[in-house]
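Each remark here refers to the structure printed beneath this line.
Predicted model, so just to flag it, every value in this text is computed and none were measured.
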Amino acid sequence: MRFQDLLAYKKSFALAMRIFEISKTFPREERYSLTDQIRRSSRSVSANIAESYAKRLYPKYFLNKLTDSDAENLETQVWVGYAMECQYINNEIFEELIGESREIGKLIYFMINNPDKFGSK
């Protein structure tokens with residue numbers, strides 16, 4: 001299995017790409033603040049999943065990178081909240097993004113609690 005085959009990776013990558021597209025509509029003055037932050041945190045979720053999988057033979061490293069991924073996922077939720085409060089996205093988009101992020105969080109949590117199913121001891 002490749003890390004690209006992991007459901008958590010697929011969903012987190014797709015969410016990051018969706019956030020990228022949505023953030024293109026944010027005001028220009030947000031380029032180096034909210035836009036940059038939300039893109040970086042959302043991309044870090046899948047990147048950390050990939051790193052964890054690459055080090056799955058080392059259980060502590062595997063879990064460490066997965067908890068990093070979980071933290072980045074939660075950070076993304078914060079930035080989505082800011083985007084909503086600043087009225088850069090509507091409530092429907094907010095709920096969709098948060099829902100997707102929560103689902104990703106559950107998948108990461110499953111990986112953390114079942115490392116043996118992913119080749120870690």
query = Taking atom CD of Glu29 as the centre, does the number of heavy atoms from other residues, nucleotides or ligands within less than 6.0 Å exceed 12?
reply = yes
Contact summary for Val80 and Ile89, nearest pair of heavy atoms = O-CD1, 3.8 Å
request  = Kindly give the heavy-atom pair with the smallest separation between Ser41 and Thr76, and that separation in Å.
outcome  = OG-OG1, 2.8 Å
ask   = Do you know which two heavy atoms are closest between Ile49 and Ser12, and how far apart they sit?
value = CD1-OG, 3.8 Å
request  = Ignoring hydrogens and angles, state whether a donor on the side chain of Ser69 or Glu72 is under 3.5 Å from an acceptor on the partner side chain.
outcome  = no
Ser44 backbone acceptor or donor facing Asn48 side chain under 3.5 Å = yes
task = Could you list the residues that satisfy side-chain hydrogen bond (donor to acceptor under 3.5 Å, both in side chains) with Lys24, not counting sequence neighbours?
result = Glu21
key: Selection residues 88-121 - residue pairs positive for ring-ring contact (aromatic ring centres under 6.0 Å, His included), sequence neighbours left out   = Phe26-Tyr88
remark   = Interatomic distance, CG@Asp68 vs CG@Leu63, rounded to 0.5 Å, equals 11.0 Å
key: Set of residues satisfying ring pair (Phe, Tyr, Trp, His ring centres under 6.0 Å) with respect to Tyr61, sequence neighbours excluded   = none
message = According to side-chain hydrogen bond (donor to acceptor under 3.5 Å, both in side chains), who are the partners of Arg18, at least two apart in sequence or on a separate chain?
response = Glu96, Glu100
query = Between Asn114 and Lys117, is there a donor-acceptor pair closer than 3.5 Å when you use the side chain of the first and the backbone of the second?
reply = no
ask   = What residues, two or more places apart in sequence or in another chain, satisfy side-chain hydrogen bond (donor to acceptor under 3.5 Å, both in side chains) together with Gln77?
value = Ser101
ask   = Measuring from Asn73:CG to Leu15:CG, what's the distance to the nearest 0.5 Å?
value = 7.5 Å
ask   = Which pairs with one or both residues in residues 49-60 pass side chain to side chain donor-acceptor pair (under 3.5 Å), sequence neighbours excluded?
value = Glu51-Lys65
